[in-house]
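Just so we're on the same page: letters track the sequence lines, and every chain starts at 1.
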Protein chains: 2
Amino acid sequence: MAADVLDATFAALADPTRRAILARLMEGEATVTELAAPFAMSQPGISKHLRVLERAGLVSRGRDAQRRPCRLEAAPLKEAVDWLAGYRSYWEESYQRLDALLGELGHDGPDAAERETP
Amino acid sequence: MAADVLDATFAALADPTRRAILARLMEGEATVTELAAPFAMSQPGISKHLRVLERAGLVSRGRDAQRRPCRLEAAPLKEAVDWLAGYRSYWEESYQRLDALLGELGHDGPDAAERETP
DNA sequence: CGGTTTTATAACCAGATGGTTTTGTAGCGT
DNA sequence: ACGCTACAAAACCATCTGGTTATAAAACCG
């Protein structure tokens, strides 16, 4: 699972402004000024965030006269969630008991195969 | 959904070394030197990464004489995956057709309710 | 043509990040 | 008591990040 895709995706998601932009884009395409409106931030500030999202492949942009409408591209989010899914058994409620059980058997953890990049 | 938890979690996951450390911890507890072994990096370098993971709540540490064994704490990963789940319909294969359909109806997207913090 | 809207670019700044080397410290083993 | 092991802490460095202001360019509007 491509490491730098995950790098860029997680890094992009680590900022609340960018997450809010993605949330806004769930409602449909939006121009830069529309996206900037809800935030107490300058327009170039938003443009920078959009560049980060674009380089992470989370946003694509079209053309409409002067406007550059932004569109949500969710594919990298699937990569992220696929990676996270490898840890699912570790946060599930049943894991507490399972872990204790396997611990008594001198085991390491559930499904402890080569999960290098899970 | 607590924003700073997601901030810290996604930021921690944005580094391949830290993701590899988490992957290693799926096999069970490990000491700092055990964790440092696979990497071409100094021990303090790994300790810094561990501090990031610890502050994100992804790792907890015990005591065993001089050793400070690290343990995976996956709860924040659930938060992350719960947030991502709000975008699930946007990357699903069926979304292409659904989006096109809704687009013809002048709609915005699937389930376009207030997903501010999905 | 001239002005307005929309966006991008550049230059700059403070602070975080990712790494290093060096040094210190706690606890074990002999 | 001595030295070794395991780790942390500090100081330092380069680079990235998140923000700003000011400026420029592109396309519309009248």
Side-chain angles (χ1 to χ4, degrees), chain A residues 3-25 28-73 76, chain B residues 3-25 28-73 76:
Chain A
D4 32 354
V5 172
L6 291 175
D7 285 12
T9 304
F10 284 131
L13 295 179
D15 185 281
T17 301
R18 286 191 296 261
R19 288 199 306 274
I21 288 175
L22 293 181
R24 166 62 182 78
L25 289 177
E29 289 194 0
T31 68
V32 176
T33 34
E34 284 168 353
L35 290 171
F39 302 101
M41 195 185 302
S42 63
Q43 168 261 313
I46 298 293
S47 279
K48 275 191 163 190
H49 282 301
L50 286 174
R51 201 161 51 88
V52 172
L53 289 168
E54 199 176 6
R55 297 214 309 161
L58 288 164
V59 152
S60 65
R61 335 194 54 175
R63 248 292 154 77
D64 173 24
Q66 320 117 24
R67 270 143 273 152
R68 305 291 313 278
C70 298
R71 182 186 189 74
L72 176 62
E73 297 289 340
Chain B
D4 32 354
V5 171
L6 291 175
D7 285 11
T9 304
F10 284 131
L13 295 178
D15 185 281
T17 302
R18 286 192 294 260
R19 289 198 306 275
I21 288 175
L22 292 181
R24 167 61 181 80
L25 289 178
E29 287 195 0
T31 68
V32 176
T33 35
E34 283 169 355
L35 289 171
F39 302 100
M41 194 184 305
S42 62
Q43 168 261 312
I46 299 293
S47 279
K48 276 192 164 189
H49 282 301
L50 287 174
R51 202 161 51 86
V52 173
L53 290 168
E54 200 176 4
R55 296 213 311 159
L58 288 164
V59 152
S60 65
R61 334 193 57 174
R63 249 292 154 76
D64 172 25
Q66 320 117 21
R67 269 144 273 151
R68 305 291 313 278
C70 298
R71 182 186 189 75
L72 176 62
E73 297 290 339

*Asks:* If I take atom SG from residue C70(A) and atom CD1 from residue I21(A), how far apart are they, to the nearest 0.5 angstrom?
*Replies:*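 Here the interatomic distance stands at 8.0 Å.
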*Asks:* Closest heavy-atom contact between A3(B) and R19(A)?
*Replies:* O-NH2, 3.2 Å
*Asks:* Can you give me the closest heavy-atom contact between T9(A) and P76(A), atom names plus distance?
*Replies:*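 Scanning both residues completely, I find the closest heavy atoms to be OG1-CB, 3.6 Å.
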*Asks:* Measure the distance from CD1 on I46(A) to P on dT9(C) and round it to the nearest whole Å.
*Replies:*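 I46(A) atom CD1 is separated from dT9(C) atom P by 16 Å.
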*Asks:* Name the first nucleotide and the last nucleotide along DNA chain D (5' to 3') that come under 4.0 Å of a heavy atom in chain A.
*Replies:* dG18(D) to dC28(D)
*Asks:* How bent is the helix from dC1(C)-dG30(D) to dT30(C)-dA1(D), comparing axes over its five end pairs at each side, to the nearest 10°?
*Replies:* 20°
*Asks:* Looking at residues 48-60 of chain A, who's got a heavy atom less than 4.0 Å off DNA chain C?
*Replies:* none
*Asks:* Any chance you could measure L13(A), atom CG, to D7(B), atom CG, to the nearest 0.5 Å?
*Replies:* 10.5 Å
*Asks:* May I have the list of side-chain donor-acceptor pairs in residues 30-42 of chain B shorter than 3.5 Å, sequence neighbours left out?
*Replies:*
| from | atom 1 | to | atom 2 | distance (Å) |
| --- | --- | --- | --- | --- |
| T31(B) | OG1 | T33(B) | OG1 | 3.3 |
| T31(B) | OG1 | E34(B) | N | 3.2 |
| E34(B) | OE1 | T31(B) | N | 2.9 |
| S42(B) | OG | G45(B) | N | 3.4 |

*Asks:* Which value, rounded to the nearest 0.5 Å, describes the distance between K48(A) atom NZ and Q43(A) atom CD?
*Replies:* 12.0 Å
*Asks:* Between protein and nucleic acid, restricted to nucleotides 4-7 of chain C and to nitrogen or oxygen atoms under 3.5 Å apart, what atom pairs and distances do you find?
*Replies:*
| from | atom 1 | to | atom 2 | distance (Å) |
| --- | --- | --- | --- | --- |
| dT7(C) | OP1 | V32(A) | N | 3.4 |
| dT7(C) | OP1 | R68(A) | N | 3.2 |
| dT7(C) | OP2 | T33(A) | N | 2.9 |
| dT7(C) | OP2 | T33(A) | OG1 | 2.6 |

*Asks:* Without placing hydrogens or testing angles, list every side-chain donor-acceptor pair under 3.5 Å for residues 53-68 of chain A, not counting sequence neighbours.
*Replies:*
| from | atom 1 | to | atom 2 | distance (Å) |
| --- | --- | --- | --- | --- |
| S60(A) | OG | E73(A) | OE2 | 2.8 |
| R68(A) | NE | G62(A) | O | 3.0 |

*Asks:* From T17(A) OG1 over to L22(A) CG, what is the distance, rounded to the nearest 0.5 angstrom?
*Replies:* 11.0 Å
